[in-house]
Amino acid sequence: QVQLVESGGGLVQAGGSVRLSCVASGLIFSMNVLHWVRQAPGKQRQWVADIDMFGKATYADSVKGRFTISRDNTKNTVYLQMNNLNPEDTAVYYCHASLKDLWGQGTQVTVSS
């Protein structure tokens, strides 16, 4: 079965940290550019970060210096380490794999002030 499954979300206080994971199955993981995208209530989806096949990472300005994307091709997993969270980071976080245009179901991150 071709799918992406996110985990690791939850409720965290402002200034705290959370690490999201996204496990892929049914695709050639190492050949995909992987993205994290988030959607806050009432807002459009916002690209957060991506990592290419060579491990090069790119970030949205709003998360640069606070979030770190990484991948482990041996585990078919992409991570998003989120530090120094603030309430504006509250959203459902989705991972996306480029080659099959595949989305996960999302994981909720809620940051309380």
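Note: hydrogens, waters and symmetry copies are ignored here, and every other heavy atom, side chains too, is used.
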Decide yes or no for Val37 and Val48: does some side-chain heavy atom of the first lie under 4.5 Å from some side-chain heavy atom of the second?
no
Output for pair (Tyr94 OH, Arg45 CZ), nearest 0.5 Å, gives 4.5 Å
How about Leu11: does its CG atom have over 12 heavy atoms from other parts shown lying under 6.0 Å from it?
yes
For His35 and Asp50 the tightest heavy-atom approach is ND1-CB, 3.3 Å
Q: Could you tell me whether a side-chain N or O of Thr74 sits under 3.5 Å from a main-chain N or O of Asp72, the two making a donor and an acceptor?
A: no
*Co-membership, hydrophobic cluster, residues Leu27 and Leu99, 4.5 Å side-chain*: no
Here the gap from Leu102 atom CG to Gln3 atom CD, rounded to the nearest 0.5 Å, amounts to 8.5 Å
Heavy atoms of Asn84 and Asp89 approach each other most closely as O-OD2, 4.5 Å
Item to check | Cluster link Tyr93 to Val23, ILVMFWY, side chain under 4.5 Å | outcome: no
Side chains of Glu88 and Val111: closer than 4.5 Å at any heavy-atom pair? no
Between the SG atom in Cys95 and the OH atom in Tyr79, the distance rounded to the nearest 0.5 Å is 12.0 Å
Quiz item: Thr107 and Leu20: side chain to side chain contact (heavy atoms under 4.5 Å, CB included), yes or no, with the steps?
Solution: CA-CA 8 Å; Thr107 186; Leu20 306 182; 3.9 Å; yes
Is there a donor-acceptor contact under 3.5 Å linking the side chains of Ser17 and Asn83? yes
In this structure, OG of Ser70 is separated from CG of Leu34 (nearest 0.5 Å) by 10.5 Å
Quiz item: Does Trp36 reach the side chain of Cys22, with side-chain heavy atoms less than 4.5 Å apart?
Solution: yes
On a heavy-atom basis, the closest approach of Gly106 and Val92 is CA-CG1, 3.8 Å
One should read off an interatomic distance between Ser112 OG and Leu85 CG, to the nearest 0.5 angstrom, of 10.0 Å
Look at the side chain of Gln1 and the backbone N and O of Gly26, then say whether any donor-acceptor pair between them is shorter than 3.5 Å. no
Heavy atoms of Gly8 and Val18 approach each other most closely as O-CG1, 3.2 Å
Q) Taking it one step at a time, do Arg19 and Met82 satisfy side chain to side chain contact (heavy atoms under 4.5 Å, CB included)? A) CA-CA 6 Å; Arg19 188 175 84 153; Met82 305 189 294; over 6 Å; no
For Arg38 and Gln46, test the side chains for any donor-to-acceptor distance below 3.5 angstrom and give the result as yes or no.
yes
One should read off an interatomic distance between Ile51 CD1 and Asn32 CG, to the nearest 0.5 angstrom, of 12.5 Å
* Asked: Between Asp101 and His96, does a side chain to side chain contact (heavy atoms under 4.5 Å, CB included) hold up when you go through it step by step?
  -> CA-CA 7 Å; Asp101 192 21; His96 175 260; 2.7 Å; yes
Correct closest heavy-atom pair for Lys64 and Tyr59 would be CE-O, 3.7 Å
Here's one to test your reading of the geometry: is the NZ or CZ of Arg71 within 45 degrees of the ring axis of Phe29 and under 6.0 Å from its centre? yes
Minimal heavy-atom distance between Ser113 and Ala14, with the atoms involved, is CA-CB, 4.3 Å
- Task: Output yes when a side-chain donor or acceptor of Trp103 lies under 3.5 Å from a complementary backbone atom of Gln105, and no otherwise.
- Result: no
Review point. For Thr110 and Gln108, does a side-chain donor sit closer than 3.5 Å to a side-chain acceptor?
Key: yes
